[in-house]
Colleague: 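One structure, pasted below without further comment.
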Amino acid sequence: MSIIQETIKNIKPIDESFYDKAQKRLDNLTKPQGSLGRLEEFARRVVAITQNLNPQINKKVIFTFAGDHGVVEEGISAFPKEVTPQMVLNFLRGGAGINVLARHAGVDVKVVDIGVDYDFDKVDGLIQKKVIRGTKNIRKGSA
């Protein structure tokens, strides 16, 4: 039997009671009930999969997807699009707020260029998956 076949054979149905147990724990935290939205759904799912009300996740990653929006030309953004590449480089150097929080939580930060209106050459650590150089201006048509 291959390792894949053995792994598949060992997959068991989720014990649905862990969803309820997780929700009770979430509802007893100091926060408004349901205030974490989809994060609560993910938490319930992890608890049910691990069958552990306090699961430990050793490898954590925050993916930060970077892109520009064309409506910035309407003057509605706090910063011009020229700031986006600077922010991407700041994320990669570890100098942004997300980096500080991630270090505190023991989380890696991965930065993905999905649509920055800038051509990054080879930049260490940048995951380049650009689908477009920024969107079009939604005020003038489809973005």
Colleague: Calculate, to the nearest 0.5 Å, the distance between atoms OG1 and CG belonging to Thr135 and Asn137 respectively.
Modeller: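 Interatomic distance, Thr135 OG1 to Asn137 CG, rounded to 0.5 Å: 8.0 Å.
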Colleague: Going by side-chain heavy atoms closer than 4.5 Å, which hydrophobic residues are tied to Leu126, directly or by a chain of links?
Modeller: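 ILVMFWY cluster around Leu126 also holds Ile62, Phe79, Val83, Met87, Val88, Leu89, Phe91, Leu92, Ile98, Val107, Val109, Val111, Val116, Tyr118, Phe120, Val123.
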Colleague: Restricting to non-hydrogen atoms, name the atom on Thr50 and the atom on Pro55 that form the minimum distance, rounded to 0.1 Å.
Modeller: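 Smallest heavy-atom distance, with atoms named: OG1-CB, 3.6 Å.
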Colleague: Closest heavy-atom contact between Ala105 and Lys60?
Modeller: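 Where Ala105 meets Lys60 most closely, the heavy atoms are O-NZ, 3.5 Å.
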Colleague: Going by atom types alone, do Asp113 and Gln128 pair a side-chain donor with an acceptor below 3.5 Å?
Modeller: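 No, no side-chain donor-acceptor pair sits under 3.5 Å.
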Colleague: Under a 4.0 Å threshold between the charged nitrogen and the carboxylate oxygen, would Glu73 count as salt-bridged to Arg139?
Modeller: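 Looking at Glu73 together with Arg139, the answer is no, because their closest N to O distance does not fall below 4.0 Å.
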Colleague: Any chance you could measure Leu26, atom CG, to Ser35, atom OG, to the nearest 0.5 Å?
Modeller: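 So the CG of Leu26 and the OG of Ser35 are separated by 9.5 Å.
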Colleague: Locate the shortest heavy-atom distance separating Thr84 from Gly67; write the atom from each residue and the value.
Modeller: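 That would be CG2-O, 4.2 Å.
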Colleague: Transitively linked via ILVMFWY side-chain contacts under 4.5 Å: Ile49 with Val47?
Modeller: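 No; tracing contacts between hydrophobic side chains, which count when under 4.5 Å, never links both residues.
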Colleague: When you look at Asp108 and Lys59, which way does the salt bridge (charged side-chain N to carboxylate O under 4.0 Å, His left out) test go after all the steps?
Modeller: CA-CA 8 Å; Asp108 290 337; Lys59 182 67 176 165; 2.5 Å; yes
Colleague: side-chain contact (heavy atoms from CB on, under 4.5 Å) between Asn99 and Arg103: does it pass, once the steps are laid out?
Modeller: CA-CA 6 Å; Asn99 302 102; Arg103 280 192 296 273; 3.7 Å; yes
Colleague: When you check the side-chain N and O atoms of Gln51 and Asp15, is any donor under 3.5 Å from an acceptor?
Modeller: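 There is no such pair between these side chains.
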Colleague: At what distance, to the nearest 0.5 angstrom, does NZ of Lys24 lie from NZ of Lys21?
Modeller: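 With rounding to 0.5 Å, NZ (Lys24) is 9.0 Å from NZ (Lys21).
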Colleague: Check whether the side chains of Asn90 and Gln86 place a donor and an acceptor atom closer than 3.5 Å, and report yes or no.
Modeller: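 No pair is found: no donor N or O on one side chain lies under 3.5 Å from an acceptor on the other.
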Colleague: Would you mind reporting whether Val100 and His104 have side-chain heavy atoms less than 4.5 Å apart?
Modeller: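 No, too far: nothing below the 4.5 Å cut-off.
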Colleague: Just how far is it from atom CZ of Arg93 to atom CG of Asp124, taken to the nearest 0.5 Å?
Modeller: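 One finds 12.0 Å between CZ of Arg93 and CG of Asp124.
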Colleague: Are Val61 and Phe65 connected in a single hydrophobic cluster, I mean Ile/Leu/Val/Met/Phe/Trp/Tyr linked by side-chain heavy atoms less than 4.5 Å apart?
Modeller: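 Yes; Val61 is reachable from Phe65 via cluster members.
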Colleague: Can you name the nearest heavy-atom pair linking Ala48 to Ile14, along with the distance?
Modeller: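 Closest approach of Ala48 to Ile14, heavy atoms only: CB-CG2, 3.5 Å.
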Colleague: Are Val46 and Tyr19 connected, step by step, through hydrophobic side chains (Ile, Leu, Val, Met, Phe, Trp, Tyr) whose heavy atoms are closer than 4.5 Å?
Modeller: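 In one cluster with Val46: Tyr19, no.
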Colleague: Hey, is Asp117 close enough to Lys81 for a salt bridge, meaning N to O under 4.0 Å?
Modeller: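 Looking at Asp117 and Lys81, the cut-off is met.
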Colleague: Are Ile76 and Ile138 joined in one hydrophobic group, where the rule is that I, L, V, M, F, W and Y side chains link up if heavy atoms are under 4.5 Å apart?
Modeller: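 As far as the 4.5 Å side-chain criterion goes, Ile138 and Ile76 are connected within one cluster.
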Colleague: Whether Glu40 and Lys31 form a salt bridge (side-chain N of Lys/Arg under 4.0 Å from carboxylate O of Asp/Glu) is what I want to check.
Modeller: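 The answer is yes: the pair qualifies as a salt bridge.
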Colleague: Closer than 4.0 angstrom, basic N to acidic O: yes or no for Asp119 and Arg133?
Modeller: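 Yes, charged N to carboxylate O under 4.0 Å.
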Colleague: About how many Å separate NZ of Lys130 and CD1 of Ile132, when rounded to the nearest 0.5 Å?
Modeller: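 Between Ile132 CD1 and Lys130 NZ, I get 10.0 Å after rounding to 0.5 Å.
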Colleague: Does a sphere of radius 6.0 Å around CD1 in Ile4 hold more than 12 heavy atoms from other residues, nucleotides or ligands, not counting ones at 6.0 Å or beyond?
Modeller: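 It does not: Ile4 CD1 has 12 such atoms or fewer within range.
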Colleague: Please check this pair: side chain of Ser77 against backbone of Pro80, looking for a donor-acceptor N/O pair closer than 3.5 Å.
Modeller: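 Not at all, since once roles are kept as given, no pair shorter than 3.5 Å links the two residues.
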Colleague: Can you tell whether the side chains of Arg44 and Glu41 come within less than 4.0 Å, N to carboxylate O?
Modeller: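 Result for this pair is no, no salt bridge flagged.
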